[in-house]
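These numbers come from a predicted model, not from an experiment.
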Amino acid sequence: MRTRVSAHQVTPDYIAKYTEAYRRLRSLPSSDPRAYMMQANVHCAFCDNAYDENGTAVDYQVHNSWFFFPWHRWYLYFHERILASLIGDDTFALPFWNWDAPGGYTIPPMFDNPNSTLYDTKRNPLHRNPKVVDLDYSFSESNRTPQQQLQVNNSVMYRQMVTAAKTPSLFFGQSYRQGDSPGPGAGTVENTPHGTVHVWTGNPSNPNDEDMGTLYSAARDPIFFAHHGNVDRLWSIWKTLGGRRTDLTDSDYLQATFEFYDENKNLVRVKIADALQTENLRYNYQNVDIPWVRRTT
Ligand code: C2O
């Protein structure tokens, strides 16, 4: 079992391993399916209508539907296995950017170091440390105090995880079956805070808010994987919140498959049904405080 840790609580030893793994990833030949740009382009390929559904002229898309959570879970799984194998450490696990708690509100410092292999120049220069993340961001700077921002962030989290996400389809997004048009509708968290943190991180001076602010380039920024670690963690947390908050059981969903390259450069096919419990994938998340869950208004 590998434990994904809060990106704000990592040790120097962890940072050394992670930056070395990225150094190796970035120096693989560009034709290697594990290479940095190939990994980033896997995301692009499944989000900007690069593929059609098998034998049809219908665009294929993993966002804005019930594929969002499981596709990204598998994407991170293989990315993590690739990094682990590049440094020969089977215990290596990705970090998560804990932007739903005050201790995780800033760009995690290891990603904000211009000398690090985890740095990306295409980010909003106004949002470097110690700027606090705005989970309600829409391209304008708020002048909230950190305390006011904490209240806004907590209420965004409470709404998206609790009051507005009482059923599986509200949380996971609309059904998406063979022959359907792409992007039938996102779940609560996919839109906000997932989408707002993307655009908050990207640079609005670039044509499409690159890197993080647009799908084709988002995964070029190593922080993408820490961001999605937290999104993935919210899936696990949501299922502990009670009521009807359980995984989808539709067999079209459970039997759907995706293909990825693994750490041995083999193309493998994986199924959504095998991704519902992180323990089946041999990882879990460090337990950290969840401030928004206590909100009562
Ligand atoms: Cu595939 Cu954060 O998006």
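- When only modelled atom types and interatomic distance are considered, N208 and N206 share no side-chain donor-acceptor pair under 3.5 Å.
- A side-chain donor-acceptor contact under 3.5 Å links N284 and T3.
- In this pair, F260 and F46 present their aromatic rings tilted. The plane angle is within the 30 to 60° band.
- Listed by chain and number, the residues in a salt bridge (Lys or Arg N to Asp or Glu O under 4.0 Å) with D211 amount to none (sequence neighbours excluded).
- Proximity of D136 to T196: side-chain heavy atoms (C-beta onward) are nowhere separated by under 4.5 Å.
- For the pair R123 and Y119, the cation-pi criterion (under 6.0 Å, within 45° of the ring axis) is fulfilled.
- With hydrogens and angles ignored, the 3.5 Å screen pairs a side-chain donor or acceptor of N129 with a backbone N or O of I107.
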Run W238 and F171 through ring pair (Phe, Tyr, Trp, His ring centres under 6.0 Å) and show every step you take.
CA-CA 9 Å; W238 181 79; F171 180 74; 4.2 Å; yes
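- Taking the six-membered ring where the residue is Trp, the centroids of H127 and Y137 are separated by under 6.0 Å.
- In this structure, R4 forms a cation-pi arrangement with Y283, its terminal cationic atom sitting closer than 6.0 Å to the ring centre and no more than 45° off the ring axis.
- Checked by atom type, the side-chain pair D100/W292 shows a donor-acceptor distance below 3.5 Å.
- Hydrophobic cluster membership differs between V42 and Y216, with clusters built from Ile, Leu, Val, Met, Phe, Trp and Tyr side chains linked at under 4.5 angstrom.
- Note that NZ of K265 and CD1 of I82 are 11.0 Å apart. Values are rounded to the nearest 0.5 Å.
- When hydrophobic clusters are built by joining Ile, Leu, Val, Met, Phe, Trp and Tyr residues whose side-chain heavy atoms come closer than 4.5 Å, directly or via intermediates, I15 is grouped together with F96.
- For R244, the CZ atom sits in a loose shell: 12 or fewer heavy atoms of surrounding residues, nucleotides or ligands are nearer than 6.0 Å.
- Aromatic rings of H79 and H228 (six-membered ring for Trp) have centroids beyond the 6.0 Å cut-off, not under it.
- A distance of 8.5 Å separates CG in D262 from CG in L267, rounded to the nearest 0.5 Å.
- The line from NE2 of H72 to CG of D232 is 10.5 Å long, rounded to the nearest 0.5 Å.
- Remark: L28 CG to Q39 CD distance equals 9.5 Å, nearest 0.5 Å.
- Close placement of the Y253 and W66 rings is indicated, their centers lying within 6.0 Å of each other.
- Without hydrogens or angle criteria, Q160 side chain to V189 main chain gives no donor-acceptor distance under 3.5 Å.
- Between Q9 and V288, some side-chain heavy-atom pair lies under the 4.5 Å cut-off.
- Y285 places a side-chain N or O within 3.5 Å of a backbone atom of G229 that can act as its donor or acceptor partner.
- Ring centroids of Y14 and F92 are separated by less than 6.0 Å, placing the two rings close together.
- Side chain of Y176 to backbone of Q61: a donor-acceptor contact under 3.5 angstrom is found.
- Between the side chains of H8 and T106, a donor-acceptor pair is found at a separation under 3.5 Å.
- Without hydrogens or angle criteria, D89 side chain to T91 main chain gives a donor-acceptor distance under 3.5 Å.
- Formation of a donor-acceptor pair under 3.5 Å by the E80 side chain with backbone atoms of L94 is found in this model.
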Between L254 and K271, is a side chain to side chain contact (heavy atoms under 4.5 Å, CB included) present by the stated rule, with each step listed?
CA-CA 7 Å; L254 296 175; K271 201 193 274 188; over 6 Å; no
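- Closest of all the heavy-atom pairs between E53 and G179 is OE1-N, 2.8 Å.
- The CG atom of L76 sits 12.0 Å away from the OG1 atom of T278 when rounded to the nearest 0.5 Å.
- Between E210 and N203, the side chains place no donor N or O within less than 3.5 Å of an acceptor N or O (distance only, hydrogens not considered).
- Centroid-to-centroid, the aromatic rings of W99 and H227 come within less than 6.0 Å.
- Checking side-chain atoms of Y22 against main-chain N and O of P222 turns up no donor-acceptor pair under 3.5 Å.
- For the atom pair S175 OG and L248 CG, the distance stands at 9.5 Å (nearest 0.5 Å).
- Ring geometry for F69 versus F172: interplanar angle over 60°, hence perpendicular rather than tilted (30 to 60°).
- Side chain of D180 to main chain of R177: a donor-acceptor pair is present (N/O by atom type, distance under 3.5 Å, no hydrogens or angles).
- Between H194 and H198, the ring planes lie perpendicular to each other; the angle is over 60°, past the 30° to 60° tilted range.
- Between the side chains of W235 and D247, a donor-acceptor pair is found at a separation under 3.5 Å.
- With hydrogens and angles ignored, the 3.5 Å screen pairs no side-chain donor or acceptor of S85 with any backbone N or O of G88.
- In this structure a side-chain-to-backbone donor-acceptor pair under 3.5 Å is present from N124 to L126.
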